[in-house]
Amino acid sequence: MSSFPTARPRRLRRTPALRKLVRETTLSAGNLIAPLFVRHGKNVSKAIGSMPGQSQLSVDLVVREAEVLARAGVPAVLLFGIPSRKDLLGSENYDPDGIVPQAIRAIKAAVPDMLVISDMCFCEYTSHGHCGILNAPDEAGYTPQLEESYLLNDVTLELLGKASVVHAQAGADIIAPSGMLDGMVGAIRAALDAQHLEHVTIMSYAAKFASGFYGPFREAAEGAPQFGDRAQYQMDFGNSREAMKEVALDVAEGADMLMVKPAGAYLDIIQRIRDAYDLPLAAYQVSGEFSMIKAAAANGWIDECRVALESLTAIRRAGADMIITYFAKDAAGWLAGR
Ligand code: PBG
């Protein structure tokens, strides 16, 4: 390797055109997925205070937002539902007339090319806010097996399969299980295939960490645990070998795409998975990552557009093919020079 003064890396940084020519990582609207929060009602837009610029929208307004995103070049939306009722079984999640199936049908009817991803989890739908069925409450009809409150894995898998079929029959292109239950990908694949839904894609939240960065999302999805936290099912943030084990299991169970969540503090995990697997890889820039940028920008401490695009490009550089981000619409605009 030649060294200074022969080698002068600054030669490649002299003008904007040169820098553009030698940039190694690209970011475009086509890489982005927009999360949307859908609630019951008509013409309802309820601002989410912890996430400036984001709102819970009724189905009619979610459809309009999907149209705007499609025009901006964003190819996919990820749906979260705010149900009208919460119970021990999270039953609205597998109700064909539940809020998410309604939204899926409406979006696919109005914007057929928009990919609709259903975030498949029970935390928004259960009265206790955990991601599935708990062993404790006997009203749920399951015999308690353990002294302490524990998320029942295999009982929850049955309901995840049932709800995935309902969302897929409503027209979801992709089911994205996010509960970090053991065997969730295999159970959902089997349930879908048994109903001739073998064409429906599974994007697994393969390595999802129990993270403080989900803080602002509590208000957005109204699904905070009423007691305890999610550390019994989501991963410990100190672990990276364990992430590889989680990914290996999901790949073996038939995941079509993988995901790492959160993104910004987990770039090493993204890179490690990218190096080891060929499957498409998504990363989720979560609510805390978004709101920290928004809050600092609102104080005039950082430039929102600049930092948002830098953070998204860094996630791509680490190896993510696609990014789920609350900046999707704005980033598409910024990238188009609007
Ligand atoms: C629920 C779920 C959460 C998020 C997505 N799905 C919250 C959690 O796991 O506690 C967080 C998304 C975000 O913070 O933007 N399974």
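Both backbone and side-chain heavy atoms feed into the values below; hydrogens, waters and symmetry mates do not. Because the structure is predicted, anything quoted here is derived from the model rather than measured. Counting convention: from 1, in listed order, for ligands and their atoms alike.
In this structure a side-chain-to-backbone donor-acceptor pair under 3.5 Å is missing from Q285 to I324. No donor-acceptor distance shorter than 3.5 angstrom exists from the side chain of T126 to the backbone of G132, with no hydrogens or angles considered.
F209 pairs by the ring-ring contact (aromatic ring centres under 6.0 Å, His included) definition with Y266, not counting sequence neighbours. Listed by chain and number, the residues in a side-chain hydrogen bond (donor to acceptor under 3.5 Å, both in side chains) with D321 are R274 (sequence neighbours excluded).
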Which donor-acceptor pairs under 3.5 Å do side chains of residues 176-186 form with protein atoms, sequence neighbours excluded?
from	atom 1	to	atom 2	distance (Å)
S178	OG	D119	OD1	3.0
S178	OG	D119	OD2	3.4

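With a 6.0 Å cutoff to the six-membered ring centre and a 45° limit on the axis angle, K162 counts as a cation-pi contact of Y94.
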Please tabulate, one line per pair, the protein nitrogen or oxygen atoms found under 3.5 angstrom from a nitrogen or oxygen of ligand 1, with distances to 0.1 Å, or say none if there are no such pairs.
from	atom 1	to	atom 2	distance (Å)
ligand 1	6 (N)	K261	NZ	3.2
ligand 1	9 (O)	K208	NZ	2.9
ligand 1	9 (O)	R230	NE	3.4
ligand 1	9 (O)	Q234	NE2	2.7
ligand 1	10 (O)	R230	NE	2.7
ligand 1	14 (O)	S287	N	3.2
ligand 1	14 (O)	S287	OG	2.7
ligand 1	15 (O)	S287	N	2.7
ligand 1	15 (O)	Y326	OH	2.6
ligand 1	16 (N)	S178	OG	3.3
ligand 1	16 (N)	K208	NZ	3.0

